[in-house]
Protein chains: 2
Amino acid sequence: MHLTKGFEQAACIVAMLATQEKGIPVSSGVINATLGGSATYLHKIMRKLVVGGLINSVSGNSGGFTLAKEPAEINLLEVYHATEGPVDTFPDNGFFKRAFKDFASLATEADAAITNVFHQADSRWAAYIGSMTVQDILWETFKVQEIPLVDWNEIVQEQQNKN
Amino acid sequence: MHLTKGFEQAACIVAMLATQEKGIPVSSGVINATLGGSATYLHKIMRKLVVGGLINSVSGNSGGFTLAKEPAEINLLEVYHATEGPVDTFPDNGFFKRAFKDFASLATEADAAITNVFHQADSRWAAYIGSMTVQDILWETFKVQEIPLVDWNEIVQEQQNKN
DNA sequence: GAATTCGTACTCGGATAGTGCTTGTCCGAGTCCAGCCGG
DNA sequence: CCGGCTGGACTCGGACAAGCACTATCCGAGTACGAATTC
């Protein structure tokens with residue numbers, strides 16, 4: 001039971017955009033240079049985040065992506081939903097229904113029992129993830145209330161000038 | 001983030017063995033006839049459960065598998081561990097470390113922050129799963145304290161005689 | 001000053017690896033049972 | 001008649017390899033926007 005690599009990238013992207021100076025979009029090229037990996041796969045992730053309402057895209061020259069909401073208003077569950085869909089760990093293939101179908105006709109009850117357990121467990125998982133905002137993560141990282149802002153475009157540019 | 005099909009089968013197998021009359025092993029052939037699916041894949045699952053100490057195997061004629069512990073002493077987390085390994089949803093591919101490596105050298109802190117969040121969420125998920133025993137599931141199913149026992153071997157035999 | 005061209009950046013679709021789950025096949029090892037054999 | 005041996009039948013155990021689904025990656029064409037160019 002692993003989250004996808006794409007989710008980790010998505011979370012990282014949101015964290016980057018949260019430390020980006022207000023009003024300046026970060027291009028996907030800059031994000032790709034920072035994170036590494038596939039540029040085109042990154043585009044798919046960005047698209048999901050846009051559709052999910054977490055980030056905005058700006059077309060045209062010196063365009064890119066900006067955070068759609070305040071870091072305090074974005075939690076990790078939203079990132080999860082945007083990239084991976086609903087939280088549903090138990091794949092009901094109907095094994096219980098099939099096994100207990102001739103057992104006092106309790107197939108439905110058995111299936112409901114196990115399904116409910118995992119539904120409850122998922123709720124607890126999702127609730128915790130949902131209580132953690134991007135701001136919380138950054139506070140934990142920087143140890144200060146004031147999150148420092150930078151322009152990632154410049155950082156990448158400086159990097160590339162060195163080489 | 002889905003559990004594997006194999007896990008659902010494993011849980012179902014344990015439930016079957018928990019309703020099996022004491023002392024009589026259930027053969028893998030009978031289990032396969034009840035659950036359907038691949039017989040060979042079933043063997044692998046059974047093996048994992050044996051290695052995990054959840055069930056015992058009996059060789060020889062009229063052999064099979066029996067529950068190694070009381071239903072009240074087997075929880076779903078054990079089934080999970082036996083079939084899927086440790087609970088670890090967040091795949092740390094080091095994107096955070098890479099992204100924040102030139103950001104006030106807080107790469108480790110950022111990585112630890114996000115990793116910790118998911119570790120906490122996983123703990124809550126695992127704790128709930130771990131608090132649910134096979135007995136609880138069966139109580140929920142049968143609505144009675146006394147779990148009815150049957151001999152699955154006979155049930156399958158009767159089924160096959162019909163056809 | 002208005003239309004055209006051009007470059008940058010996002011958008012979309014499909015094609016191609018890579019990984020892990022699922023399934024199938026084969027042979028070996030352990031156990032039980034029935035029947036044979038010798039006493 | 002009785003005990004032990006022996007072969008067959010049944011079961012689990014483990015090593016391979018093939019199929020499949022999903023993730024991840026790559027490639028190319030299309031669209032929108034702003035800026036420079038041109039008339």
Side-chain angles (χ1 to χ4, degrees), chain A residues 1-10 12-13 17 24-33 35-52 55-66 68 80 83-85 88-89 91 93 95 152-153 156-157, chain B residues 1-10 12-13 17 23-33 35-52 54-66 68 80 82-86 88-91 93-95 152-153 156-157:
Chain A
M1 194 175 67
H2 276 78
L3 295 172
T4 63
K5 211 168 164 183
F7 171 79
E8 183 176 348
Q9 292 184 61
C12 200
I13 291 162
L17 294 182
I24 307 177
V26 185
S27 76
S28 67
V30 168
I31 296 176
N32 184 236
L35 263 61
S38 159
T40 49
Y41 185 49
L42 181 68
H43 284 174
K44 294 196 175 183
I45 298 172
M46 303 305 288
R47 182 79 191 115
K48 286 182 182 176
L49 291 175
V50 170
V51 173
I55 65 177
N56 291 325
S57 67
V58 181
S59 290
N61 203 346
S62 74
F65 298 90
T66 59
Y80 180 92
T83 57
E84 312 245 334
D88 185 21
T89 58
N93 297 105
F95 282 108
W152 289 91
N153 301 296
V156 169
Q157 211 168 3
Chain B
M1 195 176 67
H2 276 79
L3 294 172
T4 64
K5 209 169 163 183
F7 170 80
E8 183 175 348
Q9 292 182 62
C12 200
I13 291 163
L17 293 181
I24 307 176
V26 185
S27 76
S28 66
V30 168
I31 295 174
N32 183 237
L35 264 62
S38 159
T40 53
Y41 186 48
L42 183 67
H43 280 304
K44 296 200 171 184
I45 298 172
M46 303 305 289
R47 182 74 192 120
K48 285 182 182 176
L49 291 175
V50 170
V51 173
L54 297 177
I55 65 178
N56 291 324
S57 67
V58 182
S59 289
N61 206 343
S62 73
F65 299 89
T66 60
Y80 180 92
T83 56
E84 312 244 335
D88 185 22
T89 59
F90 189 69
N93 296 106
F95 282 107
W152 288 92
N153 301 295
V156 169
Q157 210 169 3

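First the proteins, then the strands, lettered A, B, ... as listed; each starts at 1.
Taking only side-chain nitrogens and oxygens, A/S57 comes nearer than 4.0 Å to OP1 or OP2 of C/dT11.
With sequence neighbours excluded, the residues that form a side chain to side chain contact (heavy atoms under 4.5 Å, CB included) with A/T40 are A/S38. The side-chain hydrogen bond (donor to acceptor under 3.5 Å, both in side chains) search around B/S27 returns none, not counting sequence neighbours. Partners of B/E84 according to the side-chain hydrogen bond (donor to acceptor under 3.5 Å, both in side chains) rule, which considers only residues two or more places apart in sequence or in another chain, are B/T4. Not counting sequence neighbours, the partners of A/T66 by the side chain to side chain contact (heavy atoms under 4.5 Å, CB included) test are A/P25, A/N56. Legend: residues meeting side chain to side chain contact (heavy atoms under 4.5 Å, CB included) with A/T89, ordered by chain and number and at least two apart, are A/M1, A/F118, A/D122, B/M1, B/L3, B/W125. Under the side-chain hydrogen bond (donor to acceptor under 3.5 Å, both in side chains) criterion, B/N153 pairs with B/D151, sequence neighbours left out. Residues passing the side chain to side chain contact (heavy atoms under 4.5 Å, CB included) test with B/S59, sequence neighbours excluded: none.
No engagement by B/G29 is indicated, since no non-hydrogen atom pair under 4.0 Å with the nucleic acid exists. Among the heavy atoms of the strands lying under 4.0 Å from A/V58 are primed sugar atoms or P, OP1, OP2 only; no base atom is included.
The nucleotide whose nearest atom lies closest to any side-chain atom of B/S28 is, among C/dC33, C/dC10, D/dC12, D/dC12.
Axis angle between the ends of the helix from C/dG1-D/dC39 to C/dG39-D/dC1, five pairs each and rounded to 10 degrees, works out to 10°.
Between A/I13 and A/L42 the shortest side-chain heavy-atom distance falls below 4.5 Å.
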key: Nucleotide-resolved protein contact map, nucleotides 21-28 of chain D, B/S/- at heavy-atom distance under 4.0 Å   = ---SBBB-

